[in-house]
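Computed from a predicted model, the values in this text were never measured in an experiment. For the numbers below, each heavy atom of this structure counts, side chains included, while hydrogens, waters and symmetry mates do not. Both ligands and their constituent atoms are indexed starting at 1 by order of listing.
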Amino acid sequence: MSRYDYDLFTLGAGSGGVSGSRYAASKGARVAICEDSRVGGTCVIRGCVPKKLFMYASQFSDAFGDAAGYGWTVPEASFDMATLQAAKSKETARLEGIYRTMLGNSGVALVEGRGRVIDAHTVEVAGKAYTAERILVATGGKPAAPAIPGIELAMTSNEILDLAERPARLLVLGAGYIAVEFAGIFRGFGSAVTVAFRGDAPLRGFDEDLRRRLATEMTNRGITLAAGFAPASIEKAGGEFIVRGADGSELRADAVLNALGRVPNSAGLGLEEAGVRIDAKTGAVVVDAFSRTSVPGIFAVGDVTNRIALTPVAIAEARAFVDTEFGGAARHIDHALVASAVFSQPPIGSIGLSEQAAKAKGFDVTVFESDFRPMKNTISGRNERSYMKLVVDRASDKVLGLHMIGVDAGELVQGFAVAVTMGATKADFDRTIAVHPTAGEEFVLMRTPRKD
Ligand code: NDP
């Protein structure tokens, strides 16, 4: 009999915490998990899921617009935010219920309240101490609040998902995932949207061709891009927000979204006091490849470790941790090849190295690309193009990077990610017979390299 109450005690019932806890329980471990907010975490409650529901809602405006070319007469459409909010809240509540049921069915004990690590084997929740052989910190992240006077006046991704009314003018600060996703969503709802960012194009780190094309498509949709704008202050005056830039310029709006990044949720958990190393610059819990912190017995996965802040990465890290610690098979995940989608409008899907990153790493690359008007847009008259790109290592013929901006990019890249993960070569792509007529077939029909 173990001298601990549990074999595993997890802090945070988000994607990483829930999946790791359930998986450990399936291996026979006695597991408890604590949560001080809603079960499901950022992804289910205030991130991926409600965001994507909002995206679907916003895309009806495209569908109504495109319908006429196909012979439909659609009466003038109107949008009711309250209806969407009610439906979204019902759906997240349903999912939270499923998460709770799944935890219960797996035999994981749910402790409601904020956990605090006391030592390597003790967690305190609401005044009660729980002991465990291992502790897993999976407390996620939260919106960053850079030192900009008035930043607290801006909404974050948490609040924008609960807005009761659609703002007439929305100003989005930043141009990362969250910024471009909400910009597209609220433009689709009919808001006048401005995206203000300090760089020269959205989505720093993505392939330059995708960035440039996203900027063009966002502009075509009527979104104003204020590049080179570094926010210096925010104030509210006369019912509107005034955001001043470092260069003295000024932007005004009815609502402001702070999409200036996210930070790990590592403070106030007793971690440093227990000896767990926290990165002073990022606030991340420092871990090794096996998600071990500096304190034996304490582990961390997901956004709190600031490796790659994506739900599937947190889940994969958690499962690798469980296999290693409870399954007798030490393994860790490969963070080098992780596909992701940005639900901008049009969306982006990407895996592997951008052309610029491949060159920076010293690869001699051949680039294949396809730029086309999707078939649906011919009759509808919509002026939106799709673009695909393969970055191929000339020496080995291996596909180093696969990138797309266009309808269904996320779905397509998920499929191709298997091939890229397996180390597919361009010759493998070439011998794959196309599925016609689809957009995805373009990925296997690129025969002529770009002339550089
Ligand atoms: P990102 O890191 O993607 O973007 C942050 C943006 O804020 C960048 O444009 C950055 O500019 C800017 N910024 C940061 N600090 C400042 C500052 N002080 N002044 C001016 N600009 C600033 O963060 P997000 O919050 O959008 O998303 C966080 C993470 O969550 C993502 O990286 C992703 O991992 C995950 N996510 C994934 C989604 C998906 O899979 N679809 C959806 C949403 C989030 P610069 O580039 O110049 O540094």
Side-chain angles (χ1 to χ4, degrees), residues 14-16 41-55 140-151 154-161 171-185 195-206 208 210-211 214-215 218 225-234 243-247 249 251 256-265 281-284 302-317 335 338-351 405 409-411 413-414 417:
S15 302
T42 298
C43 179
V44 176
I45 306 296
R46 51 191 165 268
C48 328
V49 171
K51 175 274 306 286
K52 197 150 182 203
L53 294 173
F54 270 40
M55 189 203 75
K142 60 180 179 191
I148 296 168
I151 190 71
M155 299 178 285
T156 69
S157 53
N158 296 340
E159 293 81 40
I160 198 169
L161 284 164
L171 171 59
V172 178
L173 303 179
Y177 281 76
I178 293 177
V180 300
E181 290 182 348
F182 281 110
I185 287 168
V195 181
F197 51 102
R198 60 188 176 186
D200 58 354
L203 292 181
R204 186 164 59 84
F206 279 77
E208 292 295 329
L210 298 189
R211 299 179 71 197
L214 178 62
M218 288 174 79
L225 297 185
F229 182 93
S233 71
I234 305 175
V243 180
R244 294 203 167 80
D247 60 358
S249 58
L251 294 167
V256 180
L257 173 66
N258 159 13
L260 299 170
R262 291 177 61 84
V263 291
N265 249 333
K281 192 158 165 262
T282 62
D303 291 9
V304 76
T305 65
N306 199 35
R307 286 177 278 184
I308 300 180
L310 297 172
T311 284
V313 174
I315 293 172
E317 288 166 354
H335 289 90
V338 173
S340 79
V342 186
F343 295 97
S344 46
Q345 297 185 27
I348 281 176
S350 189
I351 180 167
I405 177 167
E411 303 293 337
V413 168
Q414 177 65 89

Participant: When you measure from atom 30 (O) of ligand 1 to every protein heavy atom, which one gives the shortest distance, and what is it?
Facilitator: A309 O, 3.8 Å
Participant: Just jot down the ligand 1 atoms closer than 4.0 angstrom to any heavy atom of L310, in number order.
Facilitator: 34 (O), 37 (C), 40 (O)
Participant: Where is the nearest protein heavy atom to atom 4 (O) of ligand 1: which residue, which atom, and how far?
Facilitator: G176 CA, 3.3 Å
Participant: Exactly one of Q345, K52, K51 should register a side chain to side chain donor-acceptor pair (under 3.5 Å) with E181. Which one does?
Facilitator: K51
Participant: May I ask you to check whether F206 and Y177 place their ring centers less than 6.0 Å from one another?
Facilitator: yes
Participant: Quick one: does R211's side chain have a donor or acceptor within less than 3.5 Å of a partner on A201's backbone?
Facilitator: yes
Participant: Below 4.0 Å from ligand 1: does a non-hydrogen atom of A175 turn up there or not?
Facilitator: yes
Participant: Using atom types as modelled and distance alone, determine if a side-chain donor or acceptor of R198 lies under 3.5 Å from a backbone N or O of F229.
Facilitator: no
Participant: Does even one non-hydrogen atom of A341 get within less than 4.0 Å of ligand 1?
Facilitator: yes
Participant: Suppose I only count heavy atoms of R262 and a 4.0 Å limit; which atoms of ligand 1 are within that range?
Facilitator: 25 (O), 28 (C)
Participant: Checking the side chain of N258 only, and the main-chain atoms of A144 only, is there a donor and an acceptor separated by less than 3.5 Å?
Facilitator: yes
Participant: Considering only protein heavy atoms, which is closest to atom 19 (N) of ligand 1, and at what distance to one decimal place?
Facilitator: R198 NH1, 3.5 Å
Participant: Hey, is ligand 1 close enough to I178 that some N/O pair sits below 3.5 Å?
Facilitator: yes
Participant: Under the criterion side-chain contact (heavy atoms from CB on, under 4.5 Å), I'd like the reasoning laid out for V313 against R307: C-alpha separation, chi angles, the key distance, then a yes or no.
Facilitator: CA-CA 9 Å; V313 174; R307 286 177 278 184; 5.6 Å; no
Participant: Considering distance alone, does some N or O of A179 sit under 3.5 Å from an N or O of ligand 1?
Facilitator: no
Participant: Go through ligand 1 atom by atom and flag the ones less than 4.0 Å from a non-hydrogen atom of R204.
Facilitator: 45 (P), 46 (O), 47 (O), 48 (O)
Participant: Which atom names give the shortest non-hydrogen contact between V44 and P50, and what distance separates them?
Facilitator: O-CD, 3.3 Å
Participant: Give the atoms of ligand 1, by number and element, whose distance to some non-hydrogen atom of L260 is under 4.0 Å.
Facilitator: 5 (C), 7 (O), 13 (N), 14 (C), 15 (N), 20 (C), 21 (N), 22 (C)
Participant: Which atoms of ligand 1 are found less than 4.0 Å from any heavy atom of K51?
Facilitator: 41 (N), 42 (C)
Participant: Below 4.0 Å from any atom of ligand 1, is there a heavy atom belonging to A259?
Facilitator: yes
Participant: Checking Q414 side chain against E411 main chain: does a donor-acceptor pair fall under 3.5 Å?
Facilitator: no
Participant: side-chain contact (heavy atoms from CB on, under 4.5 Å), that's the test. Do T311 and C48 meet it? Break it down for me.
Facilitator: CA-CA 9 Å; T311 284; C48 328; 3.8 Å; yes
Participant: Please report which non-hydrogen protein atom sits nearest to atom 5 (C) of ligand 1, along with the residue it belongs to and the distance in Å to one decimal place.
Facilitator: G261 N, 3.5 Å
Participant: Hey, what do you get for CG (L310) to OG (S340), rounding to the nearest 0.5 Å?
Facilitator: 5.5 Å
Participant: Can you pull out the closest protein heavy atom to atom 42 (C) of ligand 1? Residue, atom name and distance to 0.1 Å, please.
Facilitator: E181 OE1, 3.3 Å
Participant: Does Y177 reach ligand 1 with a nitrogen or oxygen that is under 3.5 Å from one of the ligand's nitrogen or oxygen atoms?
Facilitator: yes
